[in-house]
Amino acid sequence: MTIRAVIFDLDGVLTSTDRFHTEAWQATCENWGIPFSVSSSDKLRGVSRKESALIILREAGLSLSEEEFERFSDEKNRLFVTLLDSMGEGNVLPGVKALLRELKPRYRLAVASSSRNAVKILKRTGLMPFFEVIVDGTMIRCSKPDPEVFQKAADALGIPYDECLVVEDSIAGVSAAFKLGCPVAGVGSASVASGVTYSLAETKELGDIL
Ligand code: BG6
Ligand code: MG
């Protein structure tokens, strides 16, 4: 297998912002009196804000009017963005900066995230300069498990899909990458997803492989 590019997911792979998503949903649900279990928050990894809201409501057996649904999702995003305001370089996951420094001269690097806040996160954490291509939630029509975000990143790099290693912490993202024929490094809860090329407890372990 030849790997010429590495396409990273963002939340939970490069930065610890995955827990801000959970915290923001938890607080929003508390406000709305909607049950939310942190233990099922893995299901929200990688999927869009709208799809996350739908999953939460489905699990609670509830439905909201269109207008309420908008308010519910907007409230979560406002809380999430407030949490981002306190964020900085300290929110880069351990060993990730050293890994990116090591990989940059040898591989083409991209970020492919479902988040519409990805650029803000990359700027605040100082990770922006490592990446040649960034595809985020504002640039796609279908979110993971649809492969669109990875396809756009690989196409922008001009590298064949089977030569792009995708690094993902979500099951939705792993499925998306498989659909495209990319090798996958599953991180954390996605490390046990069946068929992953590499299983990593933490992103920094990629340095031992590449
Ligand atoms: C993904 C997260 O990166 O972005 C999901 O893993 C989140 O949990 C999604 O729902 C969308 O994020 P945002 O910032 O556009 O609400
Ligand atoms: Mg993620």
Side-chain angles (χ1 to χ4, degrees), residues 6-29 36-59 69-87 91-93 96 110-125 127 131 134-150 152-153 165-178 182 184-193 196 200-204 206:
V6 186
I7 305 178
F8 290 90
D9 171 53
L10 178 62
D11 295 311
V13 165
L14 297 175
T15 60
S16 59
T17 41
D18 51 333
R19 58 186 168 78
F20 292 168
H21 283 291
T22 306
E23 276 174 42
W25 277 125
Q26 192 175 16
T28 307
C29 286
F36 176 79
S37 117
V38 175
S39 62
S40 63
S41 63
D42 270 349
K43 291 182 197 150
L44 310 181
R45 284 182 193 273
V47 299
S48 68
R49 194 181 312 160
K50 188 176 172 193
E51 186 57 34
S52 298
L54 288 171
I55 291 171
I56 290 168
L57 293 170
R58 202 184 306 133
E59 294 219 326
F69 187 88
E70 285 296 308
R71 273 200 293 124
F72 179 57
S73 315
D74 287 353
E75 187 173 319
K76 181 267 175 177
N77 190 52
R78 273 200 305 278
L79 279 173
F80 181 70
V81 171
T82 308
L83 292 171
L84 292 189
D85 285 339
S86 65
M87 182 189 66
N91 293 89
V92 177
L93 286 167
V96 161
V111 166
S113 167
S114 303
S115 175
R116 302 178 74 86
N117 294 295
V119 169
K120 188 171 183 156
I121 294 170
L122 288 166
K123 279 187 179 156
R124 288 197 70 108
T125 51
L127 292 181
F131 301 101
I134 294 161
V135 183
D136 69 16
T138 66
M139 298 159 79
I140 51 170
R141 264 174 305 150
C142 305
S143 133
K144 302 166 189 176
D146 188 282
E148 185 181 3
V149 73
F150 294 126
K152 282 211 156 137
L165 177 69
V166 166
V167 191
E168 255 298 344
D169 70 321
S170 73
I171 299 298
V174 169
S175 314
F178 281 164
C182 300
V184 180
V187 178
S189 52
S191 65
V192 294
V196 292
L200 314 176
E202 291 182 68
T203 307
K204 66 176 177 192
L206 199 57

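Whatever order the structure lists ligands and atoms in, that order sets their numbers, starting from 1. Because only heavy atoms are used, hydrogens play no part in the values below, and waters and symmetry mates are left out as well, while side chains stay in.
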For this session: Using a 4.5 Å cut-off on heavy atoms from C-beta on, say whether the side chain of Asn91 contacts that of Arg19.
Result: yes

For this session: Number the atoms of ligand 1 from 1 as they appear, then name those within less than 4.0 Å of a heavy atom of Asn117, with their elements.
Result: 13 (P), 14 (O)

Exercise. Atoms of ligand 1 less than 4.0 Å from Leu44 heavy atoms?
Worked result: 5 (C), 8 (O)

Problem set entry | Under 3.5 Å: donor-acceptor pair, side chain of Thr17, backbone of Phe20 | no

For this session: Within a distance under 4.0 Å of any heavy atom of Ser114, pick out the atoms of ligand 1 and give their elements.
Result: 4 (O), 11 (C)

Exercise. Side chain, backbone, both or neither: which part of Ser52 has a heavy atom under 4.0 Å from ligand 1?
Worked result: side chain

Exercise. Which of the atoms of ligand 1 are close to Ser48, meaning less than 4.0 Å from one of its heavy atoms?
Worked result: 10 (O)

Exercise. Nearest 0.5 Å, what's the CG-CD1 distance between Leu14 and Ile121?
Worked result: 10.0 Å

For this session: Look at the side chain of Arg124 and the backbone N and O of Asp85, then say whether any donor-acceptor pair between them is shorter than 3.5 Å.
Result: yes

Exercise. Heavy atom under 4.0 Å from ligand 1: found in Glu51's side chain, backbone, both, or neither?
Worked result: neither

For this session: Verify, without hydrogens or angle tests, whether Ser114 (side chain) and Ser48 (backbone) share a donor-acceptor contact under 3.5 angstrom.
Result: no

Seminar exercise, completed: Counting from 1 in the order shown, the ligand 1 atoms closer than 4.0 Å to a non-hydrogen atom of Arg116 are 13 (P), 14 (O), 15 (O)

Seminar exercise, completed: Looking at Asp9, the N/O/S atom that lies nearest to the Mg ion (ligand 2) is called OD2

Exercise. Counting heavy atoms only, which part of Ala118 comes closer than 4.0 Å to ligand 1: side chain, backbone, both or neither?
Worked result: neither

Problem set entry | Heavy atom of the protein closest to atom 16 (O) of ligand 1 (residue, atom name, distance) | Arg49 NE, 2.7 Å

Problem set entry | Selection from Ser115, Ser41, Ser73 by shortest heavy-atom distance to atom 14 (O) of ligand 1 | Ser115

For this session: Mark up the atoms of ligand 1 that fall under 4.0 Å of a heavy atom belonging to Arg45, in ascending order.
Result: 6 (O)

For this session: Kindly give the atom name of the N, O or S atom of Asp169 closest to the Mg ion (ligand 2).
Result: OD1

Problem set entry | Side-chain donor/acceptor of Ser191 to backbone N/O of Ala201, under 3.5 Å | no

Exercise. Pick one: which of Phe72, Phe36, Phe80 meets ring-ring contact (aromatic ring centres under 6.0 Å, His included) with Trp25?
Worked result: Phe72

Problem set entry | Backbone or side-chain N/O/S of Glu168 under 2.8 Å of the Mg ion (ligand 2) | no

Exercise. Counting each atom of ligand 1 from 1 as listed, which ones have a heavy atom of Asp11 under 4.0 Å away?
Worked result: 1 (C), 2 (C), 3 (O), 4 (O)

For this session: Report yes if the side chains of Glu51 and Ser143 come closer than 4.5 Å at any heavy-atom pair, otherwise no.
Result: no

Exercise. Any N/O/S atom of Asp11 sitting less than 2.8 Å from the Mg ion (ligand 2), backbone or side chain?
Worked result: yes

Problem set entry | Under 3.5 Å: donor-acceptor pair, side chain of Lys152, backbone of Met139 | yes

Problem set entry | Ligand-side contact atoms (ligand 1) for residue partner Gly46, heavy atom cut-off under 4.0 Å | 2 (C), 5 (C), 6 (O)

Seminar exercise, completed: Candidates Val47, Thr22, Leu10; heavy atom nearest atom 9 (C) of ligand 1 found on Val47

